[in-house]
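These notes are about the structure you will find just below.
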Amino acid sequence: MIHAHITSWVLALILFFVALSLHKGGKAKGAKIVQMILRVLYLLIIATGIGLLAKLNGIGNITPMYWLKAVVGLWIIGLFEMILGRVANQRRVSAFWIQFVVAFLLVLYLGFVQLPMSFLSP
Ligand code: HEM
């Protein structure tokens, strides 16, 4: 489950930058197609994230750190959409890029450092 989770968000990250560069290159149609695939990946990220939470055997075992991890994960998905939408409409995105960097560093810290499950453990 953790491998599926990581694979989903790594792929999403790659497609996000592909969609951005297509927008920058003026290929709006290509960007739209990539964004549709990206949206399917959001569902996979969320489904695998919920799958990982389900491993904790009961909602009472989901500590505040896990809730924070889930919320920051959803925040990143929201930012993918906001940034792509605003780039498509040629609106300012700098405030969203700052959030993106903060949220991404936070999610990596929470996922890899703070929370116990790991892709390294069998
Ligand atoms: C783009 C969004 C997301 C990113 C970049 C992300 C990133 C990560 C990372 C780096 C880990 C640690 C993997 C490891 O330790 O091997 C992880 C684990 C996890 N993620 Fe996400 N995640 C995202 C979205 C979500 C969402 C939406 C949820 C909940 C619905 C979620 C729930 C979890 C859970 C429960 C774990 C296991 C935590 C642990 O015990 O280590 N994630 N995620």
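All ligand and atom numbering here is 1-based and tracks the order in the structure. What you see below is based on every heavy atom in this structure, not just the backbone, and it leaves out hydrogens, waters and symmetry mates. Counting from 1, the numbers follow the sequence of the chain as shown.
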Problem set entry | Euclidean distance, L108 CG relative to K69 NZ, rounded to 0.5 Å | 9.0 Å
Seminar exercise, completed: Heavy atoms of R39 and E81 approach each other most closely as NH2-OE1, 2.9 Å
For this session: Please test I33 against L22 for side-chain contact (heavy atoms from CB on, under 4.5 Å), starting from the C-alpha separation and ending with a verdict.
Result: CA-CA 10 Å; I33 294 168; L22 285 169; over 6 Å; no
For this session: Specify whether F100 and W97 have parallel, tilted or perpendicular ring planes, treating 30° as the upper limit for parallel and 60° as the lower limit for perpendicular.
Result: perpendicular
Exercise. Would you say F16 and I83 make side-chain contact, with heavy atoms under 4.5 Å?
Worked result: yes
For this session: Tell me which protein heavy atom sits closest to atom 36 (C) of ligand 1, plus the residue, atom name and distance to 0.1 Å.
Result: L52 CD1, 3.5 Å
Exercise. Is it the side chain, the backbone, both or neither of I6 that has a heavy atom closer than 4.0 Å to ligand 1?
Worked result: side chain
For this session: Answer yes or no: does an N/O atom from F80 fall short of 3.5 Å to an N/O atom of ligand 1?
Result: no
For this session: Below 4.0 angstrom from a heavy atom of I2, which ligand 1 atoms are there? Numbered from 1 as shown, please.
Result: 13 (C), 14 (C), 16 (O)
Seminar exercise, completed: If you scan protein heavy atoms around atom 16 (O) of ligand 1, the nearest is F119 N, 2.8 Å
Seminar exercise, completed: closest protein heavy atom to atom 11 (C) of ligand 1 is G111 CA, 3.7 Å
Problem set entry | Metal check, atom 21 (Fe) of ligand 1 vs K69 N/O/S, cut-off below 2.8 Å | yes
Seminar exercise, completed: the protein heavy atom lying closest to atom 13 (C) of ligand 1 turns out to be F112 CE2, 3.6 Å
For this session: To the nearest 0.5 angstrom, please state how far the CE atom of M82 sits from the CH2 atom of W75.
Result: 13.0 Å
Exercise. L53 heavy atoms, cut-off 4.0 Å: which ligand 1 atoms fall inside?
Worked result: 35 (C)
For this session: Give the residue and atom name of whichever protein heavy atom lies nearest to atom 1 (C) of ligand 1, and the separation in Å to one decimal.
Result: I76 CG2, 3.7 Å
Problem set entry | Protein heavy atom at shortest distance from atom 32 (C) of ligand 1 | G49 CA, 3.6 Å
Exercise. Is the closest heavy-atom distance from A12 to ligand 1 below 4.0 Å?
Worked result: no
Exercise. Of the backbone atoms (N, CA, C, O) and the side-chain heavy atoms from C-beta on, which set of L120 has a member under 4.0 Å from an atom of ligand 1: side chain, backbone, both, or neither?
Worked result: neither
Problem set entry | Distance-minimising heavy-atom pair for V72 and A103 | CG1-O, 3.4 Å
Exercise. Purely on distance, is any nitrogen or oxygen of L108 under 3.5 Å from one on ligand 1?
Worked result: no
Exercise. Which class fits the ring pair Y42 and F80: parallel under 30°, tilted 30 to 60°, perpendicular over 60°?
Worked result: parallel
Seminar exercise, completed: In ligand 1, the atoms that come under 4.0 Å of a heavy atom of S118 are 14 (C), 15 (O), 16 (O)
Exercise. At what distance is the nearest protein heavy atom to atom 2 (C) of ligand 1, and which residue and atom is it?
Worked result: G73 O, 3.6 Å
For this session: Give the contacting part of L115 toward ligand 1: side chain, backbone, both or neither, where contact means a heavy-atom distance below 4.0 Å.
Result: both
Exercise. So, for I37 and L15, which heavy atoms are closest and what is the spacing to 0.1 Å?
Worked result: CG2-CD1, 3.7 Å
For this session: Could you tell me the separation between the OG1 atom of T7 and the CD1 atom of I45, rounded to the nearest 0.5 Å?
Result: 10.5 Å
Exercise. Donor-acceptor pair, W67 side chain versus I62 backbone, under 3.5 Å?
Worked result: yes
For this session: Heavy-atom contacts with A70 under 4.0 Å: which atoms of ligand 1 show up? List them by number with element.
Result: 27 (C), 28 (C), 29 (C)
Problem set entry | Atom pair CD1/CG of I6 and L52 - distance to nearest 0.5 Å | 9.0 Å
Problem set entry | Nearest protein heavy atom with distance in Å, relative to atom 7 (C) of ligand 1 | W9 NE1, 3.0 Å
